[in-house]
Amino acid sequence: IHALACANVENVITGAYEVVYGTFYCALVRVACRRLAKKRFPGRAVRKALRKLQKWSKSAPGHSRHKLQLLRAEIGSLGSNTIATEKLYEQAIADAANSTIIYEHALACELYGMFQFRKEPRNIHSALECTNKACSLYDQWGATLKVKQVEERIKLWSEYC
């Protein structure tokens, strides 16, 4: 369902930034759907989005490089090479911190925290560190509902462990 919605969004958006954002966020949704379906590899639409982001990150690295790295990390999280995937998340976080897009810095921290928790649910220190950073960034951005959502996830993780 989400993938169909993404296809519709991609057909409607027209402006340069909107295309980049639409492509990026729809690809993240597609990767999340593949994770839920226990698929280990990205689909054709995700690979196409990755190629577009590679091109855009060359022409506008401050705006697109962290998106490319985060999508690569999310794709990597479908597989088993955790060391390479961690490096991609860390690069995405560093690149996002250097951009002026605070909510994407927060998103990179949040997704890395979720990856850390999936990787080692019994050792949640790294996951909590990343998600607490995400909460702080979302709070700076003014996204109080998002902060509450992430805090609820942290609470669930703590109860799980």
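Quick caveat: nothing in here was measured; it's all calculated off a predicted structure. Position 1 is the first residue of the sequence; numbering continues from there.
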Is there a side-chain hydrogen bond (donor to acceptor under 3.5 Å, both in side chains) between Q54 and R51? Walk through the geometry before answering. CA-CA 5 Å; Q54 287 170 334; R51 285 191 300 274; over 6 Å; no
Any residue meeting salt bridge (charged side-chain N to carboxylate O under 4.0 Å, His left out) with K119, in chain and number order, not counting sequence neighbours: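 Salt bridge (charged side-chain N to carboxylate O under 4.0 Å, His left out) list for K119, sorted by chain: E86.
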Hey, could you give me the [atom1]/[atom2] distance between [X] and [Y], rounded to the nearest 0.5 Å?
X	Y	atom1	atom2	answer
L68	L50	CG	CG	6.0 Å
I75	L28	CD1	CG	9.0 Å
L70	H105	CG	NE2	11.0 Å
R72	L88	CZ	CG	7.0 Å
L53	S64	CG	OG	6.5 Å

Only one of E151, E159, R153 passes side chain to side chain contact (heavy atoms under 4.5 Å, CB included) with K155; say which it is.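 With K155 as partner, side chain to side chain contact (heavy atoms under 4.5 Å, CB included) holds for just one option, E159.
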Looking only at non-hydrogen atoms, find the nearest pair between [X] and [Y] and report the distance.
X	Y	result
I93	A108	CG1-CB, 3.7 Å
T131	V150	O-CG1, 3.8 Å
E90	Y112	OE2-OH, 3.0 Å
C130	C109	CB-O, 3.4 Å
V147	C135	CG2-O, 3.5 Å
A134	A106	CB-O, 3.4 Å

Check step by step if side chain to side chain contact (heavy atoms under 4.5 Å, CB included) holds for L107 and Y25. CA-CA 11 Å; L107 178 63; Y25 286 105; 3.7 Å; yes
Judged by atom type as modelled, is there a donor-acceptor pair below 3.5 Å linking the side chain of S59 to the main-chain atoms of W56?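 Checking the backbone N and O of W56 against the side chain of S59, a donor-acceptor pair under 3.5 Å is found.
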Within the structure provided, determine whether P42 and L71 are in side-chain contact (heavy-atom separation under 4.5 Å).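 They are not in contact (no side-chain heavy atoms under 4.5 Å apart), so the answer is no.
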Within-4.5 Å side-chain heavy-atom neighbours: Y21 and H63: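 Y21 vs H63: side chains touch.
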Begin from the C-alpha positions of R65 and N98 and carry the test side chain to side chain contact (heavy atoms under 4.5 Å, CB included) through to its verdict. CA-CA 10 Å; R65 182 173 160 77; N98 290 328; over 6 Å; no
Below 3.5 Å, can you tabulate the donor-acceptor pairs from side chains in residues 76-84 to any protein atom, sequence neighbours excluded?
unit_1 : atom_1 : unit_2 : atom_2 : d
S77    : OG     : R35    : NH2    : 2.6
S77    : OG     : E74    : O      : 2.6
N81    : OD1    : A84    : N      : 3.2

Results of side-chain hydrogen bond (donor to acceptor under 3.5 Å, both in side chains) for H66 - residues two or more places apart only: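 Counting only residues at least two positions away or on another chain, H66 forms a side-chain hydrogen bond (donor to acceptor under 3.5 Å, both in side chains) with E104.
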Under the side-chain hydrogen bond (donor to acceptor under 3.5 Å, both in side chains) rule, what do E110 and Y138 come out as? Steps first, then yes or no, please. CA-CA 10 Å; E110 179 185 5; Y138 284 131; 2.6 Å; yes
Is there a side chain to side chain contact (heavy atoms under 4.5 Å, CB included) between V31 and R34? Walk through the geometry before answering. CA-CA 5 Å; V31 171; R34 294 195 65 83; 5.6 Å; no
